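This report refers to the structure that appears directly beneath it.
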Amino acid sequence: MVQPLDKPLPSATTDRQRLSGRIRQFIYHHRDTLNGYGFLLPFLIIYLTFLIFPLLRGVWISLHDWDLLIGNLGWTGLDNYTRMFTRDNTFWLSTRNTVQFVALSTIPLVSLGLLIAVALNRPLPLMGLFRTIFFSSYVLSISVVTLIWFMLLNPNRGILAAAFQLVGLEPIAWLNNVDLAMPAIVVTSVWWTMGFNVVLFLAGLQDIPRAIYEAAEIDGASAFRRFFSITLPMLKRTVVLVFILQIIASFQIFGQVFLMTRGGPAGSTRVLVQHIYERGFRGFELGYGSAMSMFLFSIMLAISLIQLYVGSRGDQIESGMK
Amino acid sequence: MTTQQAGSSTINWKKWIWLFTFYAVLGVFAFIWLVPIVWAISMSFTPNTVLARQIGGLLPTAFTFENYETLMRVSSVPRWFLNSMIVSVGTTLGVLVISSMAGYSLSRINFRGKTFITVFILAGLMVPEQAVFIPLHIMFSEWGMHNTHVALMLPRMAIPLGTFIMMQFFRAIPMDIEEAASIDGANRLTVYLRIMLPLTIPALTTLGIFTFVLSWNDFLWPLVSATRSDMFTITIGLASLQGNFAQSEGLGSLMTSAVVASAPMLLLFLFFQRYIVQAVKTGTRF
């Protein structure tokens, strides 16, 4: 019984050995590729499933009549897009208001952020504390921010109204005024996110050698002159970066308006993301909503590409200088 | 000698005036910045009945813990808080595992197609949440997965920022540390777990805190995915309270919810500020 089994066994093991040896050799030979993709795989699966695939599917959905509850109601080609550009006045109103918000918010968010960062960049005591204060509002969630500011701006119960009364002024119903609602939203947004820009500017400022300032001070350059002749030119790349990041972020405005004014009064603060949300999830028109989000995405993509272009040119200039 | 002394004292005098003005202006600014937060905290300690009669001050006119007690006993806030904790901790752990692995691969291993994949992943930084939230909603509807914690976690994990941040940190570690280990015959997984991960603990802390804050404050996706009130995150729950101010239990209670919702973020921020600032810097350095 033992003998017949013994005979074929050696050759089988050598076959198996040869095969496993070949596999081992293959693995050894391609170990970097296998390791590389092995480590990437978990992220890549999540990334493809929850970002890239939805993006492509969003384009597909935008070409359909797609109901929130029923689902796909059939191909409509570019109809959603023509509707958006030619027949939907609210879409244009929302786009205009969004652009208005971007313009109104970007300027103070960048300039005030820069101003405060320059102030905090001095080697003086308490600067860390001030940075903490200006950045602290950034970690609050949108619904906390709107809850506080909605009350703060309230003409009957807000602390701003109390301050107005104290100096003998009539309290103003900011959020109910067609002309003042958007500026009030801008102020809220500046308070919420300016700290982020301060931190970015501080990082850029720390790269400027202190010796340059000291030399300028010895030469008698005023603080004003130092800012325009040293700080701004040396900080150019950071300023452009913050500016573009801010424009992209401002285009995404939604929560402030959605929770504080619902787009009112008289549509004066209605913005794009809110229109997308309301058409999609209140009007059940996901196909149409998707088409509008593709429009928003293409604007933001264009701005990102400008950033990449400017960034690479900045690199060229810098390496050229070296 | 005398002229010199006179000269330096005027300079000193001027310098002091300048310093005083500098701190005064900055102090006023910082005070204004703090008013909304201080006001909200003050109102959370003021009885609702008092706030119905008068405008809340920067210090509570009558002090009470009642708002906090009621909040813990009868409101949905503890439930929402728990949901936010589950979702944020889950998202953070997920991001740390998959992003540090991917970051390790892209910065430390040479393989065919690496450049393409790096560009392909970094391109994802340009895809905003608003471009994908409708298709994501449809996908999770098809899977019947809305109103679950997992549905709130997965889309946040797909964001390439974590991989990008980890890549930059791994690149900064000297190559020879790893080479010494591989000569000793250790395989990649061992090298990654035993040598590289311990070295990137500061980076993991940075990324972890940043992801936690982003996840806790996430708004658009949980707004459309979690529609049942018992599945709200605290951010969405708080937003739902704002829709009906008239029915709400009172201003003091409302502000108490806001304070409770922000407490973890403010504490994290105060203790780990350095790391959050680091994340902001690394995440935007292209």
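The structure displayed is predicted, hence computed values, not measured ones.
- Interatomic distance, A/Ile159 CD1 to B/Ser42 OG, rounded to the nearest 0.5 Å: 7.5 Å.
- Checked by atom type, the side-chain pair A/Thr132/B/Gln273 shows a donor-acceptor distance below 3.5 Å.
- Looking only at heavy-atom pairs under 4.5 Å with chain B, the residue among A/Ile248, A/Leu286, A/Ile61 that has the most is A/Leu286.
- Classification of the B/Trp143-A/Phe50 ring pair by plane angle, with boundaries at 30° and 60°, yields perpendicular.
- Applying the 6.0 Å contact sphere to CH2 of A/Trp60 captures no more than 12 heavy atoms from other residues, nucleotides or ligands.
- A/Gln252 has its side chain within reach of B/Gln130: a pair of non-hydrogen atoms, C-beta onward, lies under 4.5 Å apart.
- Your options are A/Thr49, A/Leu129, A/Leu140, and the one with the most heavy-atom pairs under 4.5 Å with chain B is A/Leu140.
- If you measure heavy-atom distances from B/Ile109 to chain A, the contacts under 4.5 Å come from the side chain alone.
- Here the OG atom belonging to B/Ser262 is positioned 6.5 Å from the CD1 atom belonging to A/Ile148, to the nearest 0.5 angstrom.
- Proximity to chain B (any heavy atom under 4.5 Å) is shown, for A/Leu272, by neither the backbone nor the side chain.
- Heavy atoms closer than 4.5 Å to chain A are found in both the backbone and the side chain of B/Arg188.
- No part of B/Phe212 comes within reach of chain A, as not one of its non-hydrogen atoms sits under 4.5 angstrom from that chain.
- Both the backbone and the side chain of A/Leu51 come within less than 4.5 Å of a heavy atom of chain B.
- Taking the six-membered ring wherever Trp is involved, the centroid distance between the rings of B/Phe269 and A/Phe135 falls below 6.0 Å.
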What's the verdict on side chain to side chain donor-acceptor pair (under 3.5 Å) for B/Gln242 and A/Ser143, showing C-alpha distance, side-chain angles and the deciding distance?
-> CA-CA 8 Å; B/Gln242 290 173 59; A/Ser143 44; 4.8 Å; no
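- Other residues, nucleotides and ligands contribute at most 12 non-hydrogen atoms within 6.0 Å of the CZ atom of A/Arg24.
- For A/Leu48, the part sitting under 4.5 Å from any heavy atom of chain B is the side chain, from C-beta outward, and nothing else.
- Summarising the local packing, CG of B/Leu59 is surrounded by 12 or fewer heavy atoms from other residues, nucleotides or ligands at distances under 6.0 Å.
- A/Phe243 CZ: 12 or fewer foreign heavy atoms inside a 6.0 Å radius.
- Contact annotation for A/Ser298: neither backbone nor side-chain heavy atoms come within less than 4.5 Å of a heavy atom of chain B.
- To the nearest 0.5 Å, the span separating CE on B/Met157 from CZ on A/Phe43 amounts to 11.0 Å.
- Using a 4.5 Å cut-off between heavy atoms, A/Leu296 contacts chain B through its side chain alone, with no backbone atom that close.
- Heavy atoms of B/Thr235 lying under 4.5 Å from chain A belong to its backbone as well as its side chain.
- Interatomic distance, A/Glu285 CD to B/Ile134 CD1, rounded to the nearest 0.5 Å: 10.5 Å.
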Could you walk me through whether B/Glu142 and A/Arg57 pass salt bridge (Lys or Arg N to Asp or Glu O under 4.0 Å), step by step?
-> CA-CA 14 Å; B/Glu142 287 163 354; A/Arg57 195 157 175 211; 2.7 Å; yes
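- For chain B, no part of A/Leu153 is nearby; none of its heavy atoms comes within less than 4.5 Å.
- A/Met300 places none of its side-chain heavy atoms less than 4.5 Å from the side chain of B/Val127.
- Proximity to chain B (any heavy atom under 4.5 Å) is shown, for A/Val139, by both the backbone and the side chain.
- Checked against B/Phe133 for a ring pair (Phe, Tyr, Trp, His ring centres under 6.0 Å), the options A/Tyr277, A/Phe281, A/Phe297 give a single hit: A/Phe281.
- Rounding to the nearest 0.5 Å gives a distance of 8.5 Å between CD1 of B/Ile234 and OG of A/Ser141.
- Looking at B/Ala30, both its backbone and its side chain come within 4.5 Å of chain A, counting heavy atoms on both sides.
- Here the side chains of B/Val97 and A/Pro42 are not in contact, with every heavy-atom distance at 4.5 Å or above.
- Contact of the A/Leu120 side chain with the B/Leu26 side chain is registered, since non-hydrogen atoms from C-beta on lie closer than 4.5 Å.
- With a 4.5 Å cut-off on non-hydrogen atoms, A/Arg31 does not touch chain B at all.
- Side-chain atoms of A/Leu305 and B/Met126, non-hydrogen and from C-beta on, do get closer than 4.5 Å to each other.
- With a 4.5 Å cut-off on non-hydrogen atoms, B/Leu268 does not touch chain A at all.
- Heavy-atom contacts from other residues, nucleotides or ligands closer than 6.0 Å to CZ of B/Phe29 number 12 or fewer.
- When heavy atoms are compared at a cutoff of 4.5 Å, A/Trp149 approaches chain B solely by way of its side chain, counted from C-beta outward.
- The shortest distance between side-chain heavy atoms of B/Ile121 and A/Leu44 falls below 4.5 Å.
- The shortest distance between side-chain heavy atoms of A/Tyr37 and B/Ile117 falls below 4.5 Å.
- Taking A/Asn154 as the reference, A/Met151, A/Asn156, A/Arg157 meet the side chain to side chain contact (heavy atoms under 4.5 Å, CB included) condition, with sequence neighbours excluded.
- If you take CG on B/Leu266 and OG on A/Ser137, they are separated by 9.5 Å, rounding to the nearest 0.5 Å.
- The shortest side-chain heavy-atom distance between A/Leu126 and B/Tyr23 falls under the 4.5 Å cut-off.
- The backbone N or O of A/Gly36 sits less than 3.5 Å from a side-chain atom of B/Ser105, completing a donor-acceptor pair.
- Residue A/Leu68 touches chain B through its side chain alone, counting heavy-atom pairs closer than 4.5 Å.
- By the side-chain hydrogen bond (donor to acceptor under 3.5 Å, both in side chains) test, A/Tyr288 pairs with A/Asp88, sequence neighbours left out.
- Ring pair B/Phe111/A/Phe39: centre-to-centre distance not below 6.0 Å.
- Only the side chain of A/Phe258 comes within contact range of chain B, judged by heavy atoms closer than 4.5 Å.
- A/Leu34 does not touch chain B: none of its heavy atoms, backbone or side chain, sits under 4.5 Å away.
- The environment of B/Phe22 atom CZ is dense: over 12 non-hydrogen atoms of other residues, nucleotides or ligands sit within 6.0 angstrom.
- B/Tyr192 touches chain A through its side chain: at least one heavy atom from C-beta onward sits under 4.5 Å away, while N, CA, C and O do not.
- With a 4.5 Å cut-off on non-hydrogen atoms, A/Gln206 touches chain B through its side chain but not through its backbone.
- Using a 4.5 Å cut-off between heavy atoms, A/Val198 does not touch chain B at all.
- The candidate with the highest count of non-hydrogen atom pairs below 4.5 Å against chain B, out of A/Gly71, A/Ala161, A/Gly195, A/Gly158, is A/Gly158.
- Chosen from B/Met139, B/Arg112, B/Lys114, B/Arg108, the residue pairing most often with chain A at heavy-atom distances under 4.5 Å is B/Met139.
- Checking A/Trp192, A/Phe130, A/Phe134 one by one against B/Trp33, the ring pair (Phe, Tyr, Trp, His ring centres under 6.0 Å) holds for a single residue, A/Phe134.
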